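First up is the structure itself, then whatever we jot down about it.
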Amino acid sequence: MNNKFIQIYENLLNEYGNQNWWPIHENTDPFEEITIGAILTQNTSWKNVEKSIQNLIENNLLSFEKLDKVDIEVLKKLIKPSGFYNQKAKTIKETIKTLKNIPRNKIDRETLLSIKGIGRETADCILLYGLNKPFFVVDAYTKRIFSRAGLINQNMKYDEIQKKFIENLPKDIQIYKEYHALIVEHGKRICLKRNPNCKECSISYICIKIF
DNA sequence: AGCCAGGCCAAGC
DNA sequence: GCTTGGCATGGC
């Protein structure tokens, strides 16, 4: 496979280096922390999510078992910094209730999507980073960068975009993990919503929409 | 001082 | 099916 999707991956990796997602704290179960983090970061900056996660750690609550028992009003207060805290608290509670009795190797995309508050992106994050399954994550940055580059259409739906990536990349979990993280980094640093910094963009030679 | 962030859902065409 | 509004805090 030699195509623009791979070229862009190599350029971004060269530019930013290995991102090593997902960040995990000590003494927590990676799957559980990733699941909580994936819910908290919905349409929310990671800086704010870190505050909420710190609150949970300081209160010794960053585990499914503890969060399952804690009063939801307490949970709401602790995750307040990451916004949408009423919905997210409910989603966390429901997620734990659903997942706690299912063996991890039986948790699939359908299971996750059946939970209210978990959509495709959140489900794929949990599958990829939490369960090491080959699901490519598509987010707002992915749509922005790759539609500007002319590699996808803006009106394409989530699953269509995901298919494009899967078709054009080797089925490699490490690449999926790294690529999504690199896309987020590039979206934050260079390919901004209003004033993208095209002069400093390492993939502008591919892009059809230079600002 | 607005605008935006690692989305999702329900309601209304 | 597709579009729109609501959800909410904190950083820049």
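Order of the sequence lines fixes the chain letters, A, B, ..., with proteins taken first and strands second; residue numbering starts at 1 for each chain. Here the structure is a predicted model, which is why all the values come from computation and not from measurement.
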Phosphate OP1/OP2 of dT9(C) contacted by Y85(A) side-chain N/O (<4.0 Å): yes
Single-linkage hydrophobic cluster, 4.5 Å side-chain cutoff, I183(A) and Y9(A) together: yes
Length of the line joining Q87(A):CD and dA8(C):P, which is rounded to integer Å: 5 Å
OP1 or OP2 of dG10(C) under 4.0 Å from side-chain N/O of K80(A): no
Distance, nearest 0.5 Å, that separates OG1 of T91(A) from NZ of K116(A): 8.0 Å
Euclidean distance, atom OH of residue Y141(A) to atom P of dA5(B) [Å, nearest integer]: 5 Å
dT9(C) phosphate, OP1 or OP2, under 4.0 Å from S45(A) side-chain N/O: no
Under-4.0 Å salt bridge between E94(A) and K90(A): no
Gap between atoms CG and P, on N43(A) and dT4(C) respectively (whole Å): 17 Å
Stacked pair W46(A)-dA5(B), distance under 5.5 Å, angle under 30°: no
Any donor-acceptor pair under 3.5 Å from Q154(A) side chain to S147(A) backbone: no
Base of dC8(B) paired with side chain of Q42(A) (donor-acceptor, under 3.5 Å): no
Distance between P atoms of dC4(B) and dG5(C) (Å, rounded): 16 Å
